[in-house]
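One structure below.
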Amino acid sequence: MSRRPPRGEYIETDTGNKVARKATLVGTQNIMLGGKTVIQPEVMIRGDLVRSVPSSSSSASAPGSNTAVAIGRYCFLSRGCCLRPPGRLYKGAFTYMPLRMGDHVFVGSQSVVQAASVGSHVHIGAKVVVGEFAIIKDYVRILDGSIVPPNMVIPSFSVVAGQPARVIGEVPEGGHEAFELRDLYKTVGNNPQPAAPS
Amino acid sequence: MAPLTPYTYIQCPCSDPSNLSYSRASDSGSPIDGNPGFDDEEHTFDPRAPRSNYSLYPLEYLLYCEDCHQIRCPRCIAEEIATFYCPSCLFEVPSSNLKSEGNRCTRSCFQCPICIGPLSVTSFETQPDPNLLAAPDHAAAPHSGPYALNCSYCHWSSAEIGIKFDKSNGIHGQLAKLRNGGTTRLTAKERKERRKDILQSGGGGGGTAPGASGDTGNDQQAIDMETQFTNLKSFYQGQLSESTSGGNGLSSLGDLGFASPTSLSRIMSIYTGGSLHDKKSKSRVGSMREALDPNEGLIVADLDESAAIEKLHSEGIDGTVDTEQLLNQPPYLGEPHLHGRSRFGSELRPIPYLLRTKRSKRCPVCRHIISKPEAKIQTTRFRIRLIAGNYVPSITIRPLNLNDNNGAAGTPLPPTAPLPDTLQPLKPAHFLLIFKNPIFEGVKISLATPAKTPGRFASKVTVLCPQFEIDANTDVWDEALKDDGARRRGAGGGRKGDERPGSTQGQQRAEAGKIWERGRNWVSIVVEVVPASLRLDTLPTEGPEGEKVDMSPLKEDEDVLEIPIFVRVEWEVDAVGDDLGSSLASSRDKEAKEKRELAYWCVLGLGRVSQA
Ligand SMILES: [Zn+2]
Ligand SMILES: [Zn+2]
Ligand SMILES: [Zn+2]
Ligand SMILES: [Zn+2]
């Protein structure tokens, strides 16, 4: 509390998001934050890479349909990571598809995520590359330095590592609580609180 | 060397057989009487013993049986498969399909044989085409074949092994009929008809699959494993039926040979799922001849490897496969035959995904279910999940800075601070052990450690406060209400002098018999270690009983300072609505309180000792 800078390092929104002033959010109108999400400095979110081909059900006029990146609650985007919607040829034309992320997703520093969807309670380590259109289900732990190939599906309760990434283990029953990011959320921001004693 | 993150591993009681019998006794009698802890204290648990590898687990991996009041680990629990599913398409596979289709996904889910990345079906038409990009009107044009399986990681394509598909669906079925190189393979029905033809035509040099005519190989190579198996099977069936007639009453030793009908029908019932087993076989005697030509299933080993050598010359080592790639290959019955199989990358095949399972877990002693996931694949909920972390106190280790003379002295390093690289030998180091109580009763903890760690390089260990009590894990709402106030106090950079019993002038000194700090449901204590020197010349020349001392160089991880510590947790519970054994105990106890106890070894890994 003593040496708080005159202007906070973070912008704290009404819904409890803590967005670093030094983060780069491109196309903010296409980025949805669920609340209580931390975005650290040097993070980049490419909201500008929005779907260019209307979806098949021609619901392009519906509000919110041009969301490029949707992030749930209590996500933590570490310094220097990048969220980028995946893109591909669709019926002959190149288009981006939205990147959807659930709650309690941790993205380690300097990781690049181009998944189609990331479930809830997912831990992505540092320097990880998640390839385009990968689907990561709930309770998945991706270890540091992994490269998840494009289109890979990672089922729930997988521990994944390697280049290319493969399932190397299972998350044990007692390991579910470790994915909770509520406590981590409190430790950053303009008024950070120390971590719990244990 | 990478710095070591401090760890706590707990030993499951199943590593000691007497503990399992203790648990059994507790079912019938009082759990307090049969105390396993006292026996255990007689011998010190050695975390470096080869056996210990198999009994030490982080707390998250342990379950807890509420009926036995005991820790259970992945090694002793009994598993039951609830659901089979494909890890790629996430479809459930009914167990009836497993018998007929095997344990791999039969949809279009394949892994790359080179890098095991996922393969996706792509049309040859989808190559980036600038005209298409410019004019999206073409988009409506549907893809047409041929299709191939492509790896998006290493860009391997099934076209490299000559496999292309006419349709984009049912890849598994199409692949089963295709050999590498694109030649088709006989289906079971076609093979049967072919056999008939060959038999009718006198069985000359037949057996060549029609699609394989382009191959340079001889007749034998054209017979794939499945064909050979069918040939052998029908040959032996014929032999068996012939031998039935020729019974001469002699049995005994002749029956045990390879050529005896009894052995043969037994072996065949193994390989054909019991369908060939018939009761008459017992009475069969005599011997039979073996297969003599390819139509009867005989394949002469092809020892001529000149083609393989030639290929090795032209393709080099890069064209060959490694052991891991070979091991990942599923058995493929369409292979020509076993000799010289899969030496080259061109012989590899896409790997259908192995199925994965959801499993429930039972206590090995009382057979109660202690973990049970919902059977549906898309849900991550559990019906039952008795994890040890809800019953056993967790132990967190944090390095403590006591010797520093600047203002930071006496403050534990924050969890985010970089860990000291190594421990200095012969220099006392301090660690905070934070015990957190997960249960809703207060617990009494007693700790015991050997004064010196087991192993060649014995470090000195002192637990400054081996006995203490931790308050109950109070209601979550109480915590939420108190949370703000407690956090505020802690916000000032760790200056919480008033909370520390042993504090003087804001700084704190570690005192024997006193805890370091206390919170709602946690207590921290100090442990002092004096790491041993890792130099071999400091070892005594003789052991205490005159035996020779191991003077071999430092072994792997021998520099890690590990402390075995025996933890005993005691608490009292209301004896209401409990099992038979506890009601006996409560009748003696007037306050209707039942004493509970849990005792186990754990090992604390503190860090690496510097080898300077
Ligand atoms: Zn066990
Ligand atoms: Zn599948
Ligand atoms: Zn590959
Ligand atoms: Zn049990």
Side-chain angles (χ1 to χ4, degrees), chain A residues 1-3 52-54 88-95 119-121 129 131-135 137-140 147-158 160 162-167 169-179 183-184 186-188 191-198, chain B residues 57-63 74 85 87-90 109 112 115-118 120 126 128-129 132-133 135-141 151-154 356 361 371 377-378 380 382 385-390 394-396 398 414-416 434-436 487-488 490-494 517 519 522 524:
Chain A
M1 254 168 241
S2 50
R3 47 171 195 84
S52 53
V53 171
R88 68 168 174 205
L89 279 177
Y90 179 70
K91 290 183 179 167
F94 186 84
T95 180
S120 291
H121 300 95
V129 178
E132 292 188 288
F133 295 103
I135 295 172
K137 306 300 279 188
D138 303 341
Y139 293 101
V140 168
I147 297 182
V148 176
N151 308 315
M152 185 177 180
V153 178
I154 305 179
S156 293
F157 302 115
S158 303
V160 159
Q163 303 175 355
R166 63 187 77 187
V167 176
E170 252 181 1
V171 173
E173 280 93 336
H176 302 183
E177 285 71 15
F179 288 96
D183 287 340
L184 188 63
K186 293 174 190 161
T187 63
V188 290
N191 193 8
Q193 294 168 351
S198 52
Chain B
Y57 291 94
L59 185 58
E60 308 90 84
Y61 284 78
L62 297 173
L63 297 168
Y85 66 96
S88 186
C89 62
L90 304 179
C109 309
C112 173
C115 74
I116 66 111
S120 44
T126 49
D129 187 345
L132 281 180
L133 267 179
D137 296 344
H138 285 265
C151 175
S152 49
Y153 185 80
C154 72
R356 209 171 134 173
K361 285 150 195 187
S371 166
I377 293 141
Q378 298 290 352
T380 52
F382 278 70
R385 191 170 67 99
L386 303 175
I387 55 173
N390 289 342
S394 63
I395 307 174
T396 319
R398 221 164 272 175
T416 47
I434 304 153
F435 287 76
K436 196 172 184 179
R487 283 268 154 70
R488 285 283 134 71
E517 207 173 343
W522 56 269
S524 60

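Every heavy atom of this structure was used, including side-chain atoms; hydrogens, water molecules and symmetry mates were not.
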Item checked: Donor-acceptor contact present, side-chain B/Arg398 to main-chain B/Ile434, <3.5 Å -> no

Item checked: Partner chain A: residue of B/Ser88, B/Ala388, B/Gly389 with the largest heavy-atom pair count (under 4.5 Å) -> B/Ser88

Notebook entry, point to check: When heavy-atom pairs shorter than 4.5 Å are enumerated against chain A, which of B/Pro74, B/Pro58, B/Pro87, B/Cys112 gives the highest number?
Noted result: B/Pro87

Note to self: If I measure from the heavy atoms of chain B, does A/Gln163 come under 4.5 Å with its side chain, its backbone, both, or neither?
What the structure shows: both

Notebook entry, point to check: Hey, does B/Ile387 have a side-chain heavy atom less than 4.5 Å from the side chain of A/His176?
Noted result: no

Checklist line | Any donor-acceptor N or O pair under 3.5 Å, side chains A/Ser158, B/Arg356 | finding: yes

Check: Among B/Tyr85, B/Tyr153, B/Tyr61, who wins on heavy-atom pairs under 4.5 Å with chain A?
Finding: B/Tyr153

Next item on the list: Over all heavy atoms of both residues, which pair between B/Gly117 and A/Pro164 is shortest? Give the atoms and the distance, please.
Entry: N-CG, 4.4 Å

Notebook entry, point to check: Are B/Gln378 and A/Lys137 close enough that some pair of their side-chain heavy atoms sits under 4.5 Å apart?
Noted result: yes

Next item on the list: Output the option from B/Leu63, B/Leu59, B/Ile116, B/Leu62 having the highest count of non-hydrogen pairs under 4.5 Å with chain A.
Entry: B/Ile116

Note to self: Between B/Ile377 and chain A, with a heavy-atom cut-off of 4.5 Å, which part of the residue counts as in contact: side chain, backbone, both or neither?
What the structure shows: neither

Check: When heavy-atom pairs shorter than 4.5 Å are enumerated against chain B, which of A/Pro150, A/Gly162, A/Pro172, A/Ser120 gives the highest number?
Finding: A/Pro172

Notebook entry, point to check: Using non-hydrogen atoms only, which part of B/Ser120 is less than 4.5 Å away from chain A: side chain, backbone, both, or neither?
Noted result: side chain

Checklist line | Heavy-atom proximity to chain B below 4.5 Å, by part of A/Val148 | finding: neither

Notebook entry, point to check: If you take all heavy atoms of A/Val171 and A/Tyr139, which pair is closest and at what distance?
Noted result: CG2-O, 3.8 Å

Check: Would you say A/Phe179 and A/Asp138 make side-chain contact, with heavy atoms under 4.5 Å?
Finding: no

